Amino acid sequence: MKVLVIGSGGREHAIACSLSKSSLVDRLFWTPGNAGTVGLADNPGLAVDDLEGLLNFAKREKVELTVVGPEGPLAGGIADLFFDQGLRIFGPVSAGARIEGSKIFAKRLMEKSGIPTSDFAEFHDMSSARNYIKSIDPPYVIKADGLAAGKGVIIAHTADEAKKALSSMFEKKIFGDSGTKIVVEDFLEGEEATVLALCDGKNVLPLISSQDHKPVFDGDKGPNTGGMGAIAPAPAVSRTVMDRVMDRVLVPLVNEFNAGGIDYKGVIYAGLMICEGNPFVVEFNCRFGDPEAEAVLPLLESDLCEVILQTVNGELKNRVLKWRDGYSCDVVLVSGGYPGKYEKGKKINIPETQHDDIVVFHSGTKMKDNVPVTNGGRVLNIVGFGKTLTGAVERAYRHVKSINFENMFYRKDIGQRGLRTQKKST
Ligand code: GLY
């Protein structure tokens with residue numbers, strides 16, 4: 001069958017690579033893609049927000065399955081549009097995508113259905129938010145209500161920092177209209193982890209867990225990014241914790257969708273804080289995580305296309321997935337200056353050779369004069385595999401040394417948090 005992947009990041013490169021291995025896929029399209037598209041898929045060059053263009057392309061080319069990577073088109077209603085035309089698409093309708101598109105919606109839904117999350121208050125103006133901050137203790141977690149490319153959360157450690165954060169959102173509008181409604185929530189102490197799950201409208205099937213590393217510098221210092229690296233599976237998510245995530249988070253969420261008449265078919269991303277073995281939801285997203293997908297999907301031995309089709313067709317009941325034994329570690333190479341200002345167009349020197357225990361996924365790259373150049377903040381994902389987490393980490397970092405571009409930067413401690421947790425639990 002013909003399959004179309006929408007998006008341009010490392011997540012979509014990981015999805016496209018897994019799909020390309022499926023015997024069900026005869027022809028793969030990936031748009032708008034990046035330098036990783038070359039030799040893997042055909043690129044029609046359509047933007048992620050060109051919903052009509054994407055629909056027309058899928059109809060014209062008789063695409064039988066469209067897989068949506070990023071949240072923007074889902075929040076914008078691409079699944080509704082495709083469903084209306086009888087086209088198969090993997091990703092929730094816009095009513096379901098609101099779990100990511102509105103933090104206020106997600107918090108209210110969790111409160112209503114008893115899904116564990118931190119206490120919160122919502123504000124639509126700066127002065128009430130400021131008054132509230134005066135009445136509680138730091139640190140303050142301040143979130144823009146709407147989509148903000150993964151950067152809409154500010155953790156303020158003092159009242160002064162909180163005031164500045166509020167002013168940046170309400171007055172300077174750093175997140176545009178996304179930040180003119182906000183949530184202030186209690187700070188949770190614990191270990192962060194991600195559980196991605198497939199939902200076919202009724203049944204929910206968790207994938208192996210993962211752990212993102214969001215702050216830009218080693219030791220989890222500095223501002224948050226889209227993600228500087230990830231490991232899978234996450235030692236913080238034991239079998240008991242995973243069972244609790246199913247019982248307390250995923251099943252109640254799907255029940256809530258059903259009660260609200262939302263036919264959610266796609267990925268549920270549960271961003272969690274594990275506090276003494278109990279999962280609390282930090283955020284829900286409506287798609288695979290990035291860089292979590294780059295760590296999780298290569299470990300999937302089952303056919304991704306088949307399981308996506310089962311998700312879309314409502315056939316996940318009793319589905320069991322097969323996983324490669326061991327661990328993965330994804331180190332993200334970024335442009336110097338990211339998540340602030342950075343330059344693009346730097347030539348990337350990257351060796352051709354690849355082997356079973358290393359894979360490279362492109363993010364912000366493009367081809368220029370037949371060579372890959374940087375084209376974004378997050379540039380490449382170097383994923384190492386190993387029977388142990390230590391082995392996966394070492395393999396990834398060894399390969400990082402063979403790649404370079406001007407002003408390349410990366411965290412040196414991806415996986416160390418997971419290794420510490422592993423050590424504690426043995
Ligand atoms: N890694 C965070 C996200 O995908 O939102």
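All ligand and atom numbering here is 1-based and tracks the order in the structure. Since the model is a prediction, treat every value here as computed from it, not as a measurement.
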Any side-chain donor near an acceptor of the partner, [X] and [Y], under 3.5 Å:
{"X": "D303", "Y": "S22", "answer": "yes"}
{"X": "N381", "Y": "S363", "answer": "yes"}
{"X": "T117", "Y": "K107", "answer": "yes"}
{"X": "Q422", "Y": "Y327", "answer": "yes"}

Worksheet item: Should R11 and D330 count as an ion pair when the cut-off is N to O under 4.0 Å?
Response: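 Looking at R11 and D330, the cut-off is not met.
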Item to complete: Could you tell me whether R287 and E12 have a side-chain N and a carboxylate O separated by less than 4.0 Å?
Response: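 Here R287 does not pair with E12 in a salt bridge, since their nearest N and O are not under 4.0 Å apart.
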Just list the N/O pairs, ligand 1 to protein, that are under 3.5 Å apart, with the distance for each.
from, atom 1, to, atom 2, distance (Å)
ligand 1, 1 (N), D212, OD2, 2.7
ligand 1, 1 (N), G226, O, 3.3
ligand 1, 1 (N), D290, O, 3.0
ligand 1, 1 (N), E292, OE1, 2.8
ligand 1, 1 (N), E292, OE2, 3.4
ligand 1, 4 (O), R287, NH1, 2.7
ligand 1, 4 (O), D290, N, 3.0
ligand 1, 5 (O), N285, ND2, 3.3
ligand 1, 5 (O), R287, NH1, 3.3
ligand 1, 5 (O), R287, NH2, 2.9

